[in-house]
Amino acid sequence: MNLNIKDTFTTENPADSNVENTRRQVEGAVFSYVKPKKTSAPKLLHVSAEMAEELNISSKETKSDFFKDIVTGNRIYPNTTPYAMCYGGHQFGNWAGQLGDGRAINLFEIEHNNKNWKVQLKGAGETPYSRTADGLAVLRSSIREYLCAEAMFHLNVPTTRSLSLSLSGDAVLRDVLYNGNPAYEKGAIVARVAPSFLRFGNFEIFTARKDIKNLKSLVNYTIKHHFAHLGKPSKETYINFFKEVSERTLKMIIDWQRVGFVHGVMNTDNMSILGLTIDYGPYGWLEGFDFGWTPNTTDRQHKRYRYGNQPNIGLWNLYQLANTLYPIIEEVAPLNNILEQYKIDFEKQSFTMMKEKLGLIISDEDDVKLIQELEENLQLVETDMTIFFRLLSNFSSKETAFNLIKNAFYNLENISDDVKNRWNNWFKKYDDRLKIERISSEERKEKMDLVNPKYVLRNYMSQMAIDEAEKGNYSLIDELFKLLKKPYSEQPENEKWFAKRPEWARNKVGCSMLSCSS
Ligand code: AMP
Ligand code: MG
């Protein structure tokens, strides 16, 4: 395996001079050198052949012991220097100080096809940033991250990617429900890949420490490598940098809203500076459409990170980033304008996105109302978001509409006449509205099916793959991986996955409720 290594992060940013792997506050540095921990019986469970190819690693090479050793941290690729990054963050609205890569270790950068990729292991042992934890990851959360990142990629949502999923062979102690019942679980390691793993928090930590010199140098590095089109560093470039981060963040969140993805922990340390979905923890997929839903049990009380609040939290996080960048911009107005623009753009883009989901192309003054009424209807009784929108592209007449979407209701028998009437009223309006469109219903269906996925990684599906994997059967991981490569396509052989959450999963841990334990 001959990789085209091109490390820029470690060669262009200041390193922690302390090379001991002890937990500490790291100041004046962007990262610390640290080696992954050797594991007792590494076993490769799955590889994303597509991602490997992006890195110029052939299928044959991914089957070698050498590859397995690299992606489980048991061997260090020649002439590379693994490291963990220093970052801070606002968690649940409060400044939490230094956090950092507590269980992520970056291996190296690979350049291929004019793209530069950072390869990182999650769960490969402790780092100076591990605080009170062990730096390890368990199989269940690793399966969830591995599958979901690739699923999001194929849904056209900006995201970090997955390269491989492995067992470490070591046992890891976790208290899943945080109720004083820790148990041993299988340890696992995900190798994940992105052009950059920098987060808002990597910048915040410097401003919090009044280390403006290092803030500026990290911003300059980021612009040089990831926003080169913005030009040479200057105040104006920094403003444009913030503007682009704001735009990318919004675009990512609009995509989340479109597919019904709830991140679950939108802390500023989980916000990528490139606007990628990052850190798949207690995330979830909407089943019943519900703006108030959050999968994260830690967030159950305040529901800060609920589905309907994700756009606001994106803005809140951007305020933190604006404060962070202020010392190198020293002007409030341009930052404020960008934040104001986020709100305007959100309204616009969210409206456009909903119109697309409905197959509406031309403008009509009643569209806002039509969408509002739809969102109200979707929340009258538990109505599956994915199934509803997918079925909607088959709409042909208001008379048969209710029948068409029947399958989206979780409790069809108990739907009142009032609810039925409201749906029938809405479909009457939708029908009238479609009549003023100028495309055929076939064309509309084609367009709608490109934005309304048929298959998403429902929480129970991951859980089934996890339950099987715990028993040593990994085939469902591969089945779901393949299914989710074509989320917008009809896959008749996979129709069983175009289904509502089964009742057994309603209140099962890991299905509708997830803790941060991972
Ligand atoms: P997360 O909630 O996974 O985004 O993590 C928040 C912070 O806790 C980050 O600094 C993580 O690196 C760190 N962290 C989470 N789990 C562990 C672990 N098992 N060992 C060490 N650090 C961890
Ligand atoms: Mg995180």
Side-chain angles (χ1 to χ4, degrees), residues 21-26 30-32 34 36-37 39 73 82-106 118 120-146 148-149 159-160 168 170-176 178 182-190 192 194 196-205 208 262-274 276-284 294-299 304-305 313 317 320 514-518:
N21 194 356
T22 51
R23 291 140 202 249
R24 58 181 178 266
Q25 293 292 309
V26 174
V30 174
F31 66 92
S32 305
V34 60
K37 187 181 166 196
T39 76
Y83 61 97
M85 291 195 271
C86 179
Y87 57 80
H90 281 83
Q91 298 188 314
F92 294 94
N94 304 303
W95 176 242
Q98 179 183 300
L99 299 165
D101 284 335
R103 57 153 162 198
I105 297 179
N106 300 272
K118 317 282 181 294
Q120 179 180 92
L121 304 184
K122 191 167 173 182
E126 57 191 81
T127 76
Y129 309 97
S130 295
R131 294 181 293 155
T132 58
D134 55 12
L136 304 175
V138 293
L139 182 57
R140 60 183 154 78
S141 63
S142 303
I143 290 174
R144 284 170 48 83
E145 163 131 20
Y146 179 76
C148 199
T159 178
T160 62
S168 64
D170 299 312
V172 175
L173 193 62
R174 286 289 181 272
D175 186 2
V176 184
Y178 298 131
Y184 280 100
E185 299 184 43
K186 290 183 188 175
I189 297 169
V190 169
R192 57 182 189 178
S196 172
F197 286 100
L198 282 169
R199 303 138 189 275
F200 289 11
N202 289 82
F203 303 88
E204 286 180 278
I205 189 79
V262 187
H263 184 283
V265 208
M266 291 176 72
N267 293 332
T268 56
D269 51 299
N270 290 336
M271 297 297 290
S272 143
I273 203 74
L274 300 185
L276 307 173
T277 314
I278 191 172
D279 278 10
Y280 291 87
Y283 67 83
T294 174
N296 183 356
T297 51
T298 312
D299 194 25
R304 178 181 172 87
Y305 298 139
I313 293 294
N317 289 340
Q320 310 317 310
L514 289 134
S515 76
C516 289
S517 156
S518 53

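Computation of the quantities below employed the complete heavy-atom set of this structure, encompassing side-chain atoms and omitting hydrogens, waters and symmetry-equivalent molecules. All values reported here derive from a predicted model rather than from experimental measurement. Counting starts at 1 for both ligands and their atoms, in listed order.
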Just to confirm my output: which protein heavy-atom neighbour is closest to [atom], and how far is it?
| atom | result |
| --- | --- |
| atom 18 (C) of ligand 1 | A133 CB, 3.4 Å |
| atom 20 (N) of ligand 1 | G135 N, 2.7 Å |
| atom 12 (O) of ligand 1 | G102 N, 2.7 Å |

Could you tell me whether D279 and R199 have a side-chain N and a carboxylate O separated by less than 4.0 Å?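 Answer for the salt bridge query: yes.
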With nothing but distance in play, are any N or O atoms of [X] less than 3.5 Å from an N or O of ligand 1?
| X | value |
| --- | --- |
| G100 | yes |
| L136 | yes |
| Q91 | no |
| D101 | no |

Which atom of D279 approaches the Mg ion (ligand 2) most closely (N/O/S):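 The nearest such atom is OD2.
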Pick one of side chain, backbone, both or neither for how [X] approaches ligand 1, counting any non-hydrogen atom pair under 4.0 Å.
| X | value |
| --- | --- |
| Y129 | neither |
| R131 | side chain |
| R174 | side chain |

Output yes if N270 passes the N/O/S-under-2.8 Å test against the Mg ion (ligand 2); output no otherwise.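 Of the N, O and S atoms in N270, at least one lies under 2.8 Å from the Mg ion (ligand 2), which means yes.
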Given L99, D269, D279, N296, which has its nearest heavy atom closest to atom 6 (C) of ligand 1?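 Answer by nearest heavy atom: D269.
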Heavy-atom proximity to atom 17 (C) of ligand 1, best of M85, R103, K122: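 Ranked by closest heavy atom to atom 17 (C) of ligand 1, first place is R103.
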Could you tell me whether a side-chain N or O of N317 sits under 3.5 Å from a main-chain N or O of M271, the two making a donor and an acceptor?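 Such a contact is absent between N317 side chain and M271 backbone.
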If we only count heavy atoms from C-beta on, is the P128 to N21 side-chain gap below 4.5 Å?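 Yes, their side chains come closer than 4.5 Å.
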Can you name the closest pair of heavy atoms from [X] and [Y] and give their distance?
| X | Y | result |
| --- | --- | --- |
| R131 | Q98 | CD-O, 4.0 Å |
| P282 | S515 | CB-O, 3.6 Å |
| Y129 | S32 | OH-OG, 2.7 Å |
| I105 | G125 | CD1-O, 3.9 Å |

Do protein heavy atoms approach atom 1 (P) of ligand 1 to less than 4.0 Å?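 Looking at atom 1 (P) of ligand 1, one finds that no protein heavy atom lies closer than 4.0 Å.
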Is the shortest distance from atom 4 (O) of ligand 1 to a protein heavy atom below 4.0 Å?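 Protein heavy atoms within 4.0 Å of atom 4 (O) of ligand 1 - there is at least one.
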What do you reckon, does V265 put a non-hydrogen atom under 4.0 Å from ligand 1?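 Not so, V265 does not reach ligand 1.
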If we count only N and O atoms by modelled type, under 3.5 Å, do the side chains of N296 and T294 hold a donor and an acceptor together?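 No, no side-chain donor-acceptor pair sits under 3.5 Å.
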Steps toward side chain to side chain donor-acceptor pair (under 3.5 Å) verdict (S518, R103): CA-CA 11 Å; S518 53; R103 57 153 162 198; 2.5 Å; yes
What is the ring orientation for Y305 with F92, classed by angle as parallel under 30°, tilted 30 to 60°, or perpendicular over 60°?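 Taking F92 first and then Y305, their aromatic rings sit tilted (interplane angle of 30° to 60°).
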Atoms of ligand 1, numbered as shown, that sit under 4.0 Å from any heavy atom of N270: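 Once the distances to N270 are compared, the set is 4 (O).
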For K118, I'd like to know if atom NZ has over 12 heavy atoms of other residues, nucleotides or ligands within 6.0 Å.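 Yes, the 6.0 Å shell around NZ holds more than 12 heavy atoms from other groups.
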